[in-house]
Amino acid sequence: MPEPLPTSQAGRTLQRLLRRADARWALLALGLIGALALLGPLLSPWGTETLDWRHLAQPPGLTAAHWLGTDRLGRDLYVRTLSAVRISLLVSLLASALSLVIGVGFGAVAGFVPGRTGVWMMRFVDVLYSLPYLFIVIILTALLPRGSLTVLLLSLGAVGWLTTARIVRGETLALKQRPFIEAARALGVPPARIVVRHVVPNLLGPVLVYATLTIAQMILFESFLSFLGLGVQEPRASLGNLIFLGAQELESATWILLVPAGFLVALLLALNQLADALRDALDPRAA
Amino acid sequence: MRPEAQPLLSLRALTVRYPGAAPVLHGVDLDVQPGECLGVVGPSGAGKSQLFLAALGLLPPQAQVSGSARYAGTELLGLPRRALDRLRGGKIGLVFQDARAALTPHATIGAQLAEVRRRHCGESRALARRHARDLLERVQVSDAARRLQQYPHELSGGLCQRAMIALALAAEPRLLIADEPTTALDLTVQSQILALLAALKEGGGLSLVLITHDLGSLAGIADRVAELEAGRQVRSGAWRPGPAGTPAAAESPPAAGAALLALQGVSVRHRLPGWRGPTLEAVHGLDLTLAAGVSLGIVGESGSGKSTLLRVALALQPPSEGRVRWDGTDLASLGAAALRGQRRNRQLIFQDPAGSLDPRLTVAEAVGEGLAVHAPQLAAAERSAAVCAVLQAVGLGPELLARHPHELSGGQCQRVAIARALVLNPRVLCCDEPMSALDATSQAQVSALLARSQRAAPLTLLFVSHDLAAVRALCHEVLVLYLGRRMERGPVTLLHGAARHPYTQELLRAEPAADPAVERARLAAVRPGEMPSALAPPSGCVFRTRCPYALARCAAQVPPWESVAPGHEIACHRWRELPPGG
């Protein structure tokens, strides 16, 4: 073995992850899309809301004034799509992080505390689960100021943690039965250290995979809400409302749909692929 | 044996390899004659199971099998699936180690037996039902009518294994292949199952293949033994005892140490799941004192409360009643932090070596964890020096430091677990069946390692095991438990013929003998009998339902705990009349 062994668990996982070609491709694609979203708009002279009256519904072309064309109002699709990716990524990453933190905390506590407390905590989750999801989001967005990113974030995150909490509690309950947890107790390891050192790392596999999928789901859901007019509002661009506009122009100007849809598909594919590779990499038994 | 007869199963140059790895089996030749019992032994990983799985086409598709496997002249390798299906489960019955896992959990025993009869013998529903009952009676299941209606989880391990054998016999096979059929069972049940297999062989002209890592268990049943090692056949012939692994007996205990551990009226009750689920009493009003430096062996069948007793003594579980004192300090009076601090003095070794190690931690991290918790002042270099030293002491090299548990063998895992305990220099080492998941070679190594650690430091050993040979080798005193109650306690000479309690004697009779003739006689005399459910223990003396000497008095009164001799105590109404023995 020429390569030195990383000492931390995270280092070893990363090493196993990078050994996989599909993981490298997914990370490369995500990195490219992320860099484009952050820096790409600087390369173009156009702004997100600039109207170019001379080029209405212009098709894409590398030599054209607008690389990825314009929409019916003459707005540059390259700049608008990239800023949409930025907003979508921001919203979905934050919402996923929010649901991950709430979900892991709630689920691990519900799984670890002895007695009935855990059961009642999960009943609470069941009640929230049984409420129609979309309905809550619609009410939330209708009651609070429309188009506020914070509201969107909260409504996405508030619902997303329920599944995470269930997965985490189930995993915690199963882990508690494993002899190595008892071995740690017999060794005199304090409960907090057992959770951090033995429970969470062994839980991380399914949870991280689920979190990666959540990001993809959140992007989709954000797009869906924006498509319905409940999410990011015009003139700000999100992948959802760009696709909504594109769908209306489908017969005359297909690129208005294809450009944002292409970015959405690329993002989702890369995230799902990463989740898949991550699941294998998190298993130390993987070769 | 009739040498002129065509062998029933004949393997020639059977080789199994997986892509990108060395062959698992290198050209093995084996014959099974009609009506004979062939024992196949070898350490774990020798390819014993692979051999027969390969012959029956049960290996995963990426396995490359070459050579020849003939059943009564028919080549099995490359046989179409349908023809194979008629043979497996039809002419060839299979019995697996974990019978409960091999039985379908959602179907009753009766339904599973009837299904085989209907599928392989084309019987009607009613006829299949009737035959299912005959089958259970053939494998000596009492109360067969009721058992037919039960699900696998409602049966004990021994009954599950009998049901599994009945299932394998259902289609009236000529050959029965049993893969470690008794490994998961305790000795009394193992004797019963071996006796059953021997009776089936004698009575029905059945050929048997017994795959096991325990050569000793074959003495009374195998006509021939084939030994495998690392995928090669190293020996074949009549049974003969393995290299005598009689480890030195434990040195005499230090004179009259102070009471280290004292249990007083300890009971442990579990509420079973379900609304108003019944209460199971795993340990019942147990008193126990243990002097420092003395090694105590705790023996009894599964379900006798041995492990629960350890868990309570180590404060991994609170007793429902009673007190646990270490050095005179009541554990109940200690706070959580004080209790954790004390844990470094009392370490625990588990039965399942791989399961007791965190799959995500390397050997170095696992062994160093106790030091990180109990000696946080140590610098990283000091800690890793201590870890290396203790690994060396348990016979593991530094090249294993960065390995994960799945990269280690069972024996290595158990030595890592022992290193994890010893690195803290405990005063007490509790072992819960530390060798029962290991093969014979690893068992001997772990046993020697424990004996060495015991001598190196004044270590008090609490040793739970159903392996009486290991108890003889490691312990000064023995405590016999049955249904959560103590039956007999005394010096280790109890296991050398001084036992007075009928239950201790029964346990001793369950040990396989090393002489085939003696072992055959022993198996022929095996008595049926199972431990009653702890949910409804018998009145009076709990052992009376299996005791050959039980009287009316035994059902009426709980026998008192009486002294036979200094250091030897017993709970039996009739000990004065019964001869010592075993």
Side-chain angles (χ1 to χ4, degrees), chain A residues 1-16 112-116 119 171-208 278-287, chain B residues 20 307 310-311 313-317 336-362 364-376 380 384 399 401-407 413 416-417 420-421 423-424 426 430 432 437:
Chain A
M1 269 193 283
E3 49 190 331
L5 274 163
T7 44
S8 72
Q9 293 190 20
R12 290 193 295 264
T13 305
L14 193 68
Q15 194 181 52
R16 282 192 296 264
F112 223 75
V113 289
R116 297 203 159 268
V119 177
E171 290 288 327
T172 311
L173 285 179
L175 275 176
K176 254 166 75 174
Q177 305 294 324
R178 302 269 292 271
F180 69 84
I181 298 287
E182 176 133 279
R185 282 181 61 210
L187 213 57
V189 182
R193 193 182 152 104
I194 294 185
V195 172
V196 173
R197 186 97 169 136
H198 298 286
V199 176
V200 171
N202 281 291
L203 198 91
L204 220 56
V207 170
L208 261 184
L278 202 55
R279 185 186 52 218
D280 293 346
L282 279 165
D283 186 352
R285 273 158 296 187
Chain B
S307 301
L310 269 198
R311 289 174 45 85
L314 288 175
L316 290 169
Q317 184 176 356
L339 187 60
R340 275 202 304 277
Q342 285 204 357
R343 287 195 189 278
R344 82 171 289 177
N345 298 325
R346 305 188 279 267
Q347 287 299 310
L348 177 59
I349 311 290
F350 290 78
Q351 174 172 12
D352 172 13
S356 74
L357 299 173
D358 187 334
R360 293 196 175 274
L361 294 191
T362 60
E365 288 165 337
V367 177
E369 171 145 53
L371 289 176
V373 170
H374 291 290
S384 64
E399 71 279 2
L401 280 171
R403 300 266 183 93
H404 285 95
H406 70 272
E407 296 165 305
C413 279
V416 170
R420 174 175 64 180
V423 76
L424 292 171
C430 299
D432 191 355

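This structure is a prediction, so every number in the text was calculated from the model and none was measured. All chains are named by letter (A, B, ...) in the order of the sequence lines, taking the proteins before the strands, and each is independently numbered beginning at 1. Just so it is clear, the values below take in all heavy atoms, side chains as well, and ignore hydrogens, waters and symmetry mates.
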Scanning both residues in full, the closest heavy-atom pair of B:S356 with A:A183 reads O-CB, 3.6 Å
Whatever's closer than 4.5 Å to a heavy atom in chain A on B:R420 counts as both
Side chain to side chain donor-acceptor pair (under 3.5 Å) with B:D358: of A:H198, A:R197, A:R178, only one passes, and it is A:H198
Between B:V373 and A:P190 the two heavy atoms that sit nearest each other are CG1-CD, 3.9 Å
Closest non-hydrogen contact found for B:P359 with A:F180 is CD-CE2, 3.5 Å
In short, A:G188 meets B:H374 closest at the heavy-atom pair CA-NE2, 3.9 Å
So, the part of B:L424 with a heavy atom under 4.5 Å from chain A: the answer is side chain
Worksheet entry | A:L187 side chain near B:R343 side chain, heavy-atom distance below 4.5 Å | no
When the 4.5 angstrom heavy-atom criterion is applied to B:A315 and chain A, the contacting part is backbone
Between the CZ atom in A:R185 and the CZ atom in B:R311, the distance rounded to the nearest 0.5 Å is 6.5 Å
Whatever's closer than 4.5 Å to a heavy atom in chain A on B:L314 counts as neither
